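Working notes for the structure below.
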Number of protein chains: 2
Amino acid sequence: MTPPSTPDGEPSTAGSPLTDEPLFLMARASSLGSAAANKKLARLELKVRQYSVLALACSDPAPTQTEVSSFLVLDPSQVVGIVDGLEQRGAVERRPGAHDRRSKTIRATADGRRLFAEARSLLSESTADSLAALTAEEQDQLNELLRRITL
Amino acid sequence: MTPPSTPDGEPSTAGSPLTDEPLFLMARASSLGSAAANKKLARLELKVRQYSVLALACSDPAPTQTEVSSFLVLDPSQVVGIVDGLEQRGAVERRPGAHDRRSKTIRATADGRRLFAEARSLLSESTADSLAALTAEEQDQLNELLRRITL
DNA sequence: CTTAATGATTGACGTATTCAACGGATGTCG
DNA sequence: CGACATCCGTTGAATACGTCAATCATTAAG
């Protein structure tokens, strides 16, 4: 199956704009969304990346750094810097792994959980804006579809 | 509307994992998707960014660089480099704007259109993989939802 | 004609991403 | 036990990316 050609031999590209490419749409949505989110989180001096790690650090059981890095699709070396920042703020702490003393689990402190709660509420405003064009049902639908292709 | 709190004062974070955040899901989908796409396009020595610009250069009427930069949410200075790369390959050419000689329109050459057709077919394999968990209907649904929040 | 505004470009700066390498800690197999 | 391969976190370098101000040519406005 080859694409139709114009009379002069050049392949036609009509009817195949970028706006039909899921990849492009997701990149754009992600880019615009995190820009807006970063702006919102700026007042807590948090970036989206740090928020993500903090969120994981709040979950139970607390994840190790490799778990964080694979979940967030980040290089392990990047996680180091992010955790450093959060740790210096007293939002998380590194604990030696329970069964493996090589690993370190990232656990949110009480302050960290308070920070997360604030950030989470700010972020929900931001995503509400981003998804304003959709009804609540459609937002759930979108979440479900995205969850199925990423998890 | 504030989140519920635990008896000892620490805000609860249970039931609000990262996997419910549309922002996180989109970031992850976008990241994984473009990684896979870049891998596929590597054999044409093309990156997703270049592909996007090439796609726009194939459309009619040919866009100016500022139009490209605003559509792709990129700084104008970044577009320069991408277009340079494509131009040196002979895939696109810069033409002086019709009504405004400051602007330059980016137009795909015949070679560029052939390259785009190949790239587009490779990329469709990649996105088919990425979206394999969804039915054709659901893929359309996802596209529609994303289109409505980004355009 | 003067002035302001715009499109493309360059260069500078900070941040991200990717990789290779290292030290400490397990686990395995002889 | 002891040699070996593996894995975790960390560091540092190389590279790409994003953001911003400054510039030149061109256009629009006063």
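So that the names make sense, note that chain A is the first sequence line, chain B the second, and so on, each numbered from 1. Worth saying up front: this structure is predicted, and the values here are computed from it rather than measured.
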K47(B) vs dA16(D): side-chain N/O to OP1/OP2 distance below 4.0 Å: no
Phosphate OP1/OP2 of dG9(D) contacted by T66(A) side-chain N/O (<4.0 Å): yes
I need the [atom1]-[atom2] distance between [X] and [N], as an integer number of Å.
X	N	atom1	atom2	answer
L74(A)	dG9(D)	CG	P	13 Å
R102(B)	dT27(D)	CZ	C1'	4 Å
N38(A)	dC17(D)	CG	P	19 Å
R101(B)	dC24(D)	CZ	C1'	15 Å
D84(A)	dT10(D)	CG	C1'	9 Å
D100(A)	dC7(D)	CG	P	12 Å
Q65(A)	dG9(D)	CD	C1'	6 Å
D75(A)	dG12(D)	CG	C1'	13 Å

Residue from K39(B), R43(B), K40(B) passing salt bridge (Lys or Arg N to Asp or Glu O under 4.0 Å) with E125(B):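 Per the salt bridge (Lys or Arg N to Asp or Glu O under 4.0 Å) rule, the option paired with E125(B) is K40(B), out of K39(B), R43(B), K40(B).
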Cluster link L46(A) to L122(A), ILVMFWY, side chain under 4.5 Å: yes
Cation-pi geometry met for R120(A) and Y51(A) (6.0 Å, 45°): no
Any donor-acceptor N/O pair under 3.5 Å between dC7(D) base and S103(A) side chain: no
Upstream residue (5' side of DNA chain D) when T105(A) and V73(B) are each assigned their closest nucleotide: T105(A)
T109(B) side chain to D111(B) side chain, donor-acceptor N/O pair below 3.5 angstrom: no
R94(A) and Q65(A) side chains, donor-acceptor separation under 3.5 Å: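 Yes, side-chain donor-acceptor contact under 3.5 Å.
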Residue mapping more 5' on DNA chain C - nearest nucleotide basis, Q78(A) or H99(A): Q78(A)
D20(B) bridged to R147(A) by N-O distance under 4.0 Å: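 Salt bridge present between D20(B) and R147(A).
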L25(B) CG to E144(A) CD distance, which is reported to the nearest 0.5 Å: 10.0 Å
Chain B footprint on DNA chain C, 5' to 3' - any atom under 4.0 Å from a heavy atom: dA5(C) to dT10(C)
Crowding at CZ, R148(B) (>12 non-hydrogen neighbours, <6.0 Å):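 Buried by this count: over 12 neighbours within 6.0 Å.
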Interface with DNA chain C, restricted to residues 90-98 of chain B and to heavy atoms under 4.0 Å: R94(B)
Exam field: side chain S121(B) to backbone A117(B), donor-acceptor pair closer than 3.5 Å: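 Not confirmed, S121(B) side chain does not pair with A117(B) backbone.
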Sugar-phosphate only, base, or nothing, as touched by S77(B) at under 4.0 Å among non-hydrogen atoms: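 Here S77(B) touches the bases of the nucleic acid.
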